[in-house]
Amino acid sequence: MLRMEIALIMVLTLVAYMYFSAEKKQAALHKVFSILLITVLVHLVLDAITVYSVNHLEGFPRTLNNIVHRCFLGSMVAVIYLFYEYIAILVEEETGRPRILNLTAKLFLMSAVLGCIFLPIEYTQTA
């Protein structure tokens, strides 16, 4: 499983390198996509760490495992929100209509991040 994360990190790093090295105008869409690329890379790194930590519980402190899992869940929420932002900007640029779910999306983001920070995480160990 960890090999898949490593392969995805390598592919996405190549895509990010090609994207950031190309000249482009600094529009809102490009800014959101840049942040999305970096966030997905961080998310994949956290995913690899959580995959390793759950398979090596005896060598990974429980508190650190908890923090890494909360960061992983928070980065997943951020990726979902940034995908919404990217698609909303695309639609707004194409149709000219303003975004109507912006407040709802921000409330979702805030409540999900607060949930990642404060809600309990239960671990189930199996053989």
Side-chain angles (χ1 to χ4, degrees):
M1 192 71 181
L2 194 56
R3 284 180 264 184
M4 181 62 75
E5 278 83 3
I6 293 170
L8 288 171
I9 290 168
M10 290 171 58
V11 169
L12 200 56
T13 301
L14 177 64
V15 169
Y17 172 75
M18 291 179 354
Y19 179 77
F20 288 122
S21 64
E23 283 190 36
K24 58 199 156 302
K25 62 179 182 172
Q26 290 299 318
L29 190 64
H30 294 291
K31 289 178 185 176
V32 170
F33 188 73
S34 298
I35 295 168
L36 180 61
L37 267 175
I38 293 167
T39 306
V40 169
L41 272 169
V42 169
H43 178 70
L44 281 171
V45 169
L46 289 169
D47 186 25
I49 294 169
T50 58
V51 166
Y52 179 82
S53 71
V54 297
N55 288 316
H56 299 88
L57 288 174
E58 65 282 349
F60 216 82
R62 187 169 177 82
T63 304
L64 184 58
N65 191 17
N66 192 4
I67 291 169
V68 170
H69 274 82
R70 288 181 188 280
C71 290
F72 170 71
L73 294 172
S75 69
M76 188 183 308
V77 169
V79 167
I80 292 169
Y81 175 76
L82 289 168
F83 268 116
Y84 159 76
E85 279 289 319
Y86 183 77
I87 292 169
I89 292 171
L90 270 177
V91 170
E92 184 179 31
E93 285 180 357
E94 287 296 317
T95 63
R97 287 187 277 167
R99 296 180 263 175
I100 57 173
L101 294 176
N102 238 9
L103 179 62
T104 307
K106 287 184 175 137
L107 289 174
F108 163 77
L109 175 67
M110 288 176 28
S111 62
V113 167
L114 288 173
C116 290
I117 294 170
F118 295 113
L119 291 177
I121 295 177
E122 297 288 328
Y123 299 102
T124 304
Q125 289 184 359
T126 60

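All residue numbers refer to positions in the sequence shown, counting from 1.
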Membership question, hydrophobic clusters at under 4.5 Å side-chain separation (ILVMFWY): are F20 and V15 in the same one? yes

Less than 4.5 Å apart, side chain to side chain, heavy atoms only: is that true for F72 and V51? no

Where is the tightest heavy-atom contact between A48 and L2, given as atom of each residue plus distance? O-CD1, 3.4 Å

Mind checking the OH-CD1 spacing from Y86 to I35? Nearest 0.5 Å is all I need. 13.0 Å

A16 and L37 have their tightest heavy-atom pair at CA-CD1, 4.0 Å

Which heavy atom in R70 sits nearest to a heavy atom in L119, and how many Å separate them? NH1-O, 2.8 Å

Check whether any side-chain heavy atom of Y84 lies under 4.5 Å from a side-chain heavy atom of L109, and answer yes or no. no

Whether D47 side chain and H43 backbone form a donor-acceptor pair below 3.5 Å: no

Please check: side-chain N/O of H30 versus main-chain N/O of Q26, any donor-acceptor pairing under 3.5 Å? no

Only one of V54, L64, L46 passes side-chain contact (heavy atoms from CB on, under 4.5 Å) with H69; say which it is. V54

Please check if I6 and Y17 belong to a single hydrophobic cluster, counting links between Ile, Leu, Val, Met, Phe, Trp and Tyr side chain heavy atoms closer than 4.5 Å. no

Measure across G74 and C116 and return the closest heavy-atom pair with its distance rounded to 0.1 Å. N-SG, 3.6 Å

Any chain of hydrophobic side-chain contacts (each under 4.5 Å) joining F118 to V113? yes

Does the pair N102 and K106 meet the rule for a side-chain contact (heavy atoms from CB on, under 4.5 Å), with working shown? CA-CA 6 Å; N102 238 9; K106 287 184 175 137; 4.0 Å; yes

To the nearest 0.5 Å, what is the distance between CD on E5 and CD1 on I9? 7.0 Å

Run L101 and F108 through side-chain contact (heavy atoms from CB on, under 4.5 Å) and show every step you take. CA-CA 10 Å; L101 294 176; F108 163 77; over 6 Å; no

Just how far is it from atom OG of S111 to atom CG of L107, taken to the nearest 0.5 Å? 7.0 Å

Evaluate whether atom CD of E58 has more than 12 neighbouring non-hydrogen atoms of other residues, nucleotides or ligands under 6.0 angstrom away. yes

Assigning hydrophobic clusters by single linkage (Ile, Leu, Val, Met, Phe, Trp, Tyr; side-chain heavy-atom cutoff under 4.5 Å), is V68 placed with L57? no

Close aromatic pair by centroid cut-off 6.0 Å: F33 and Y19: yes

What salt bridge (Lys or Arg N to Asp or Glu O under 4.0 Å) pairs are there with at least one residue in residues 77-87, not counting sequence neighbours? E85-R99

Between I87 and V77, is there a shared hydrophobic cluster once you connect ILVMFWY residues whose side-chain heavy atoms come closer than 4.5 Å? no

Which of these, L44, V40, T13, L41, sits in a side-chain contact (heavy atoms from CB on, under 4.5 Å) with L8? L44

Show, in sequence, the C-alpha distance, side-chain angles and deciding distance for I121 and L73, and conclude whether the side-chain contact (heavy atoms from CB on, under 4.5 Å) test is met. CA-CA 11 Å; I121 295 177; L73 294 172; 4.3 Å; yes

